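Proteins get letters first, then strands, A, B, ... in listed order; numbering begins at 1 in each. Predicted model, so just to flag it, every value in this text is computed and none were measured. Below, each value reflects all heavy atoms present in this structure, side chains not excepted, and no hydrogens, waters or symmetry copies.
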Amino acid sequence: MSKRSIKRRHVYRQSALPHTELTPEADYLGRREFIRRWGLTGAALMVSPAFNLLGKDANAASTLPARLNSRFNSVLSTDETRTGYEEVTTYNNYYEFGTGKSDPARNAHTLVTDPWSVEIQGAARNGQVGLDDLIDERELEERVYRLRCVEGWSMVIPWIGVPLADVIEKLQPDKDARYVEFTTLADPRQMPGLARNVLDWPYREALRLDEAMNPLSLLAVGLYGNYLPNQNGAPLRLVVPWKYGFKSIKSIVRIRFTRERPSTSWNLANAREYGFYSNVNPQVDHPRWSQARERRIGEDSFFTPKRKTLMFNGYAEQVAHLYKGMDLRANF
Amino acid sequence: MPFVNGARLTTAGLFLLGCLPAAWLLGAAFTGQLGANPTEALIRQLGEWGLRFLLLTLAATPINRFFKWGLLLRHRRMIGLFAFVYAVLHFCAFIWFDHFFDWGELLRDILKRPFITLGMAAWLLLLPLAITSGRWAVRRMGYRHWVTLHRLIYPAAVLVIVHFFMLVKADLREPIIYGALLFLLLLTRLYRPGGKARQRRVSG
Ligand code: HEM
């Protein structure tokens, strides 16, 4: 992971790029993003109306050359249209950088992700573990997952990461551990959103250990062939695609194995609305909105009816057995 | 301006001003300026403009009383109708772009989701006010009854604020600000030296 800082500079400081780099940069960013960043607004306006009202060119950034080497996992990937890079990186819930959807993209540049280490508790390998030791860059996989937010929208994102199970095995949790808890960084100097108590900071999430060991659970370090942008949870985040998005915790600084079920942030904020499991379930409505349908960001236009939400976000085959015999209405 | 009546010009100007948010939203929707989730942005913006016009309607009397500035009061009917129109657009956008005219689902939502129930209730309270906004209604109903009916704007505004409180996930800042404004506007109603305020009101 030591090359991260070098690559980061490529992504964020276009002004410093020599001209020879223009073409790959354009390829990488995708046409829309390229046009926007380089100020060709006239051209953008000429092409955008049709796209924006009738559905966007969501696949614009999906055929980019990868800068982060990874093996494509076709078995666990969906072949649905990928949500455009721009939408994935500008429509985020990351309250540490503000509660508006566009706040994280605007504010998260203050997050320092290099160097980064993760504190491990409740395992043989206790203590601070550097990112390079935690994630073996040679093991990186690309997986295209659906992401379903509890707010009723969804995306399709090509993540890059390693199976959480591999990391857990390496860390060797204590024998009596039944849960794994994750904690997000909470540094008010880097995260302006912490100044307001919208949630009980630091942000915490947790999984039952068998959920964490499920092959779908991913510890991601990248998306769209590159390192995670800060607003998407750099440098290390969880991705559990059969659960509502808020379970996929961002910018992890602590992983703790424990016997007792940890308390989790949204559950603490409102237990009636956000359960510990928070599996995507079209039959169990959020008290304030229906979960039966969802809007696919970027792809669906004003005139596209919302699509039906699938049980476990379409991953029932892989995860339904984890909840056999459980009342999913009571354990939502 | 020999052929143009000054009062009419003001009315026309205010009318155009009231249309501006809708025009801007339409333009933004067509040029993709509403962000990654334009449907949600549109529904929310229309609702918020409905609330803003509602508060502006309620501000007409106190502004006239305390600042001796009667412009809003003179055009209160139009401002109130704008509040209603934005609420209608808000509701229509919800029915069309969120529910795609699935009436069964819509009915379930109105009955099951408290924030929708309250939005609907607020809208139903505004409906008779919009219908009876014309001068003919004052004549038909008699001024006293008409005024009583139009006090429905108070519970309607309160319901909209509660609607707003219930739909946000964690960040209550916006509904708190709007709620405080409404509270202030309602508070001014309690202050009535001499009891002459009623006579000073214009009909409409
Ligand atoms: C007719 C029934 C109504 C329905 C079905 C309805 C529905 C909704 C929905 C779905 C949202 C967005 C929730 C979200 O995105 O999470 C919303 C937000 C809102 N609505 Fe309504 N609403 C109704 C009536 C009203 C009325 C009459 C007003 C005011 C005049 C109003 C003002 C608002 C406001 C201020 C917001 C929040 C906007 C923001 O977040 O900035 N609504 N409503």
Side-chain angles (χ1 to χ4, degrees), chain A residues 32 36 41 44-45 47-54 56 83-84 86-93 95 98-103 105 149-153 155 193 196-200 246 265-266 269-270 273-274 285-290 292-293 295-298 300-306, chain B residues 25-46 48 89-90 92-120 162-177:
Chain A
R32 283 167 49 85
R36 193 175 65 78
T41 39
L45 278 176
V47 296
S48 58
F51 284 125
N52 288 314
L53 205 67
L54 303 171
K56 287 183 189 169
T83 306
E86 182 175 341
E87 282 83 6
V88 171
T89 56
T90 58
Y91 192 74
N92 308 100
N93 276 323
Y95 281 12
T99 55
K101 292 286 188 299
S102 49
D103 291 344
C149 177
V150 72
E151 295 165 346
W153 52 267
M155 294 184 177
R196 300 182 49 234
N197 288 325
V198 283
L199 289 172
D200 183 14
F246 66 85
S265 288
W266 279 102
N270 194 336
E273 300 190 1
Y274 309 100
D285 285 344
H286 184 280
R288 285 185 286 177
W289 48 77
S290 162
R293 290 175 177 276
R295 174 171 294 110
R296 188 60 56 81
I297 296 296
D300 290 355
S301 78
F302 281 108
F303 307 110
T304 326
K306 294 206 269 187
Chain B
L25 280 171
L26 196 67
F30 268 93
T31 53
Q33 310 287 304
L34 289 180
N37 193 347
T39 316
E40 187 197 65
L42 185 74
I43 293 173
R44 287 181 158 245
Q45 288 279 331
L46 288 169
E48 204 165 331
L89 292 175
H90 174 62
C92 288
F94 177 73
I95 294 171
W96 187 355
F97 303 136
D98 200 274
H99 276 54
F100 283 85
F101 307 104
D102 185 339
W103 303 107
E105 184 67 32
L106 185 74
L107 192 70
R108 261 193 304 276
D109 258 11
I110 290 173
L111 296 177
K112 263 174 65 180
R113 320 223 173 282
F115 99 85
I116 304 274
T117 315
L118 291 182
M120 195 66 217
V162 183
H163 172 63
F164 204 165
F165 264 101
M166 294 184 80
L167 68 91
V168 296
K169 267 169 70 190
D171 188 354
L172 295 173
R173 184 163 43 175
E174 277 192 293
I176 284 175
I177 293 172

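Taking both residues in full, the closest heavy atoms of B:Leu34 and A:Phe302 are given as CD1-CZ, 4.3 Å, listed atom of the first, atom of the second, then distance. A:His286 and B:Arg113 get closest at one heavy-atom pair: O-NH1, 3.5 Å.
Looking at A:Val88, there are no atoms closer than 4.5 Å to chain B (heavy atoms on both sides), in backbone or side chain. In this structure, the portion of A:Asn93 lying under 4.5 Å from any heavy atom of chain B is its side chain and not its backbone. Using a 4.5 Å cut-off between heavy atoms, B:Leu167 contacts chain A through its backbone alone, with no side-chain atom that close. Contact of A:Glu273 with chain B is not made at all, since no heavy-atom distance falls under 4.5 Å. Neither the backbone nor the side chain of A:Ser102 comes within less than 4.5 Å of any heavy atom of chain B. Using a 4.5 Å cut-off between heavy atoms, A:Asn197 does not touch chain B at all.
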Notebook entry, point to check: Step by step, would you call A:Arg293 with B:Glu105 a side-chain contact (heavy atoms from CB on, under 4.5 Å)?
Noted result: CA-CA 11 Å; A:Arg293 290 175 177 276; B:Glu105 184 67 32; 5.9 Å; no
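In this structure, the separation between NZ on B:Lys169 and OG1 on A:Thr99 is 10.0 Å, given to the nearest 0.5 Å. B:Thr39 OG1 to A:Arg295 CZ: the interatomic distance, rounded to the nearest 0.5 Å, is 3.5 Å.
For B:His163, the ring pair (Phe, Tyr, Trp, His ring centres under 6.0 Å) test picks out B:Phe115, with sequence neighbours left out.
Of all the listed residues (B:Asp102, B:Val168, B:Asp171), the one sharing the greatest number of non-hydrogen pairs under 4.5 Å with chain A is B:Asp171.
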Can you give the donor-acceptor pairs under 3.5 Å from side chains of residues 92-100 of chain B to other protein atoms, not counting sequence neighbours?
unit_1: B:Asp98; atom_1: OD1; unit_2: A:Lys306; atom_2: NZ; d: 3.2
unit_1: B:Asp98; atom_1: OD2; unit_2: A:Lys306; atom_2: NZ; d: 3.4
unit_1: B:His99; atom_1: NE2; unit_2: B:Asp109; atom_2: OD2; d: 2.8

